[in-house]
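Numbers restart at 1 for each chain; the letters A, B, ... are given by sequence-line order, proteins then strands.
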Amino acid sequence: MKIATWNVNSLKVRQQHVIDWLETSQTDVLCLQELKLTDDKFPRAELAEKGYRSWYAGQKTYNGVGILVREGLNVDESTIVRNIPGFEDPQQRVIAATIDGVRIISAYFPNGQAPGTDKFAYKLRWLEALHDWLVSELAQYPKLALLGDYNIAPEDRDVHDPKAWEGQNLVSPEERAEFVRLVGLGLTDAFRKFEHPEKIYSWWDYRMMAFRRNAGLRIDHILLSGPLAAACTSCDVDKVPRKWEQPSDHAPVVAQLS
DNA sequence: ATGGCAGAAATATTCTGA
């Protein structure tokens, strides 16, 4: 099973990119973030025509997450979960589904704006709620993958200029500690299971020619529970769609499970 | 310290993103 995550920054604008990328990558399960559209605007029929079924939790203007699943895979409809159970939140940031026995979670972590702000406090609250929910999810589903835009660069090697970013949002010690706490549940950062060249990132600012300068951050991740980490044979960032006309500022991250 | 780019809502300008 080939699984992937991609913050598309508006599915309306990036619909054709998604379709083109699915066709070339032959991905089985694609987790999407920042749909920026309501459920009635989701291009369900267009994706079905290309051989993918969709589940989503949409929202006007902001947030919104989805999971696209290739025809032929078994989706247990009764296990679909939207949002973190017990965590009251009007923002649509989580959807989970069980696909061929694998628990797949598509998550759009809060940005946080800056340490010390209300939005940062919300980010930390949200991370705690996610952590606590994952405890029960892992008990129920030993094969679990948490894919998404984490809005956290876990280590300095995930940051193009660690000195300039020190202490700032996306890299601050508090949020990195929350990432470590997630890993502490027995999850593995699939990307770091393998050797890679230096300076691999998943997001680049639209401004200041950041992509051409490779001034990026690695903030999109795939965390895998033990059995899936053992079955994972590769994990890479696909920079190609970031080079397309009118791209998302994020690139897809892909993992192959044997 | 700020803005720069992009998308959405709205239809000028503001909010949010990371």
With [atom1] as the reference atom in both, quote the distance from [N] to [M] in angstrom, rounded to an integer.
{"N": "B/dT13", "M": "B/dA1", "atom1": "C1'", "result": "22 Å"}
{"N": "B/dC15", "M": "B/dT11", "atom1": "C1'", "result": "16 Å"}
{"N": "B/dA10", "M": "B/dT16", "atom1": "P", "result": "15 Å"}
{"N": "B/dG3", "M": "B/dA9", "atom1": "C1'", "result": "22 Å"}

For the residue pair [Y] / [X], report whether a side-chain donor-acceptor contact shorter than 3.5 Å exists.
{"X": "A/Trp203", "Y": "A/Asp220", "result": "no"}
{"X": "A/Arg82", "Y": "A/Tyr56", "result": "no"}
{"X": "A/Gln33", "Y": "A/Thr5", "result": "yes"}
{"X": "A/Glu77", "Y": "A/Trp55", "result": "yes"}

Please work out if [X] contacts a base, only the sugar-phosphate, or nothing of the nucleic acid, heavy-atom cut-off 4.0 Å.
{"X": "A/Asp220", "result": "nothing"}
{"X": "A/Glu34", "result": "sugar-phosphate"}
{"X": "A/Tyr201", "result": "nothing"}

Can we call the ring centroids of A/Phe191 and A/His221 under 6.0 Å apart?
->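 So the answer is no for these two rings.
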Take atom [atom1] of [X] and atom [atom2] of [N], then tell me their distance rounded to the nearest Å.
{"X": "A/Asn63", "N": "B/dT16", "atom1": "CG", "atom2": "C1'", "answer": "10 Å"}
{"X": "A/Gln59", "N": "B/dT16", "atom1": "CD", "atom2": "P", "answer": "12 Å"}
{"X": "A/Phe109", "N": "B/dG17", "atom1": "CZ", "atom2": "C1'", "answer": "17 Å"}
{"X": "A/Lys123", "N": "B/dG17", "atom1": "NZ", "atom2": "P", "answer": "10 Å"}

A/Tyr108 ring centre to A/Arg93 NZ or CZ under 6.0 Å, with the angle to the axis within 45°?
->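 So A/Arg93 does make the cation-pi contact.
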Produce a footprint string for nucleotides 3-15 of chain B: one letter per nucleotide, 5' end first; B if the base is under 4.0 Å from any protein heavy atom, S if only the sugar-phosphate is, - if neither.
-> -BBSSSS-----B
